[in-house]
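Data first, discussion second: the structure below is written as structure tokens.
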Amino acid sequence: MAYWLIKSEPDAWSWEQQVARGAKGEPWSGVRNFQARANMNAMKKGERAFFYHSNIGKEIVGIVEIIREAYQDPSDETGKWTCVDVKAVEPFKTPAPLADIKLDPKLKDMVLAKNSRLSVQPVSVEEWKYLCKLGGVKP
DNA sequence: GCCAACGTTGGC
DNA sequence: GCCAACGTTGGC
């Protein structure tokens, strides 16, 4: 069981929109980065990911679940890129801001803090549990 | 809105 | 296969 973190600019696709999709979920399409694609391809159905708002908010706002494993991105004409489907599971009672993550000794080594440009990242089990506690949700 | 950091592209 | 140039991302 692996854990992940996916980023979106709320202008383009927000947590609120994700929640509004309900159990149907939404394709996480438009990723055009090799590292991010490799991470998506490694995702298994039922695994979970943090939902992070970049640019506006800059905080982890909730948890999503992978409901469909990697398949060809419908928004890609070349056929090279893949996407997964995710559905909202639970919002953070207290969003976890990037500024706090960078200051926290337990979290400062997160990919999010070190390579903020990678849009799909792995999260360690320790980081996952700790952030769930900060967010006020069950791991 | 600016700029640093990173990833990708293309010429050699 | 290297590396300079370019484009994009995202924090500030």
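Quick caveat: nothing in here was measured; it's all calculated off a predicted structure. Here is how names work: the chains are called A, B, and so on, in the same order as the sequence lines, proteins then strands, and each is numbered from 1. Heavy atoms only: backbone and side chains are in, while hydrogens, waters and symmetry mates are out.
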For A/Trp15, check ring-ring contact (aromatic ring centres under 6.0 Å, His included) against everything at least two apart and list the hits. A/Phe51
Atom CH2 of A/Trp81 and atom P of B/dT8: how far apart are they, to the nearest Å? 7 Å
Assess A/Arg48 against A/Trp4: is NZ or CZ under 6.0 Å from the centre of the six-membered ring, and within 45 degrees of the ring's axis? no
Atom CZ of A/Arg32 and atom C1' of C/dG10: how far apart are they, to the nearest Å? 19 Å
Side chain of A/Asn115 only, please: which of B/dC6, C/dG10, B/dT8 is the nearest? B/dC6
Can you see if the side chain of A/Lys102 gets near the phosphate of C/dC12 - specifically, an N or O under 4.0 Å from OP1 or OP2? yes
Whole Å only: how far is the NZ atom of A/Lys7 from the C1' atom of C/dT8? 12 Å
Where do A/Met110 and A/Ile101 land on the side chain to side chain contact (heavy atoms under 4.5 Å, CB included) test, with the steps shown first? CA-CA 8 Å; A/Met110 277 185 77; A/Ile101 290 169; 4.0 Å; yes
Distance check needed: C/dG7 P versus A/Asn33 CG, whole Å only. 18 Å
Of C/dG11, C/dG10, B/dT8, the nucleotide closest to the side chain of A/Arg117 is C/dG10
For the pair made of CG in A/Leu103 and C1' in C/dC12, what is the distance, rounded to whole Å? 15 Å
Under 6.0 Å between ring centres: does that hold for A/Phe92 and A/Phe50? yes
Please classify the nucleic acid contact of A/Leu98 as base, sugar-phosphate, or nothing, using heavy-atom distances under 4.0 Å. sugar-phosphate
Scan A/Lys58 against the nucleic acid and name what it touches under 4.0 Å (heavy atoms): base, sugar-phosphate only, or nothing. base
Is the closest side-chain donor-acceptor distance between A/Thr82 and A/Asn41 under 3.5 Å? yes
From CD of A/Gln121 over to C1' of C/dT9, roughly how many Å is that when rounded to an integer? 13 Å
Rounded distance (Å) that lies between atom C1' of C/dT8 and atom CG of A/Asn55: 12 Å
Do any side-chain nitrogens or oxygens of A/Tyr52 fall under 4.0 Å of OP1 or OP2 in C/dT9? no
Measure the distance from CD1 on A/Ile56 to P on C/dT9 and round it to the nearest whole Å. 14 Å
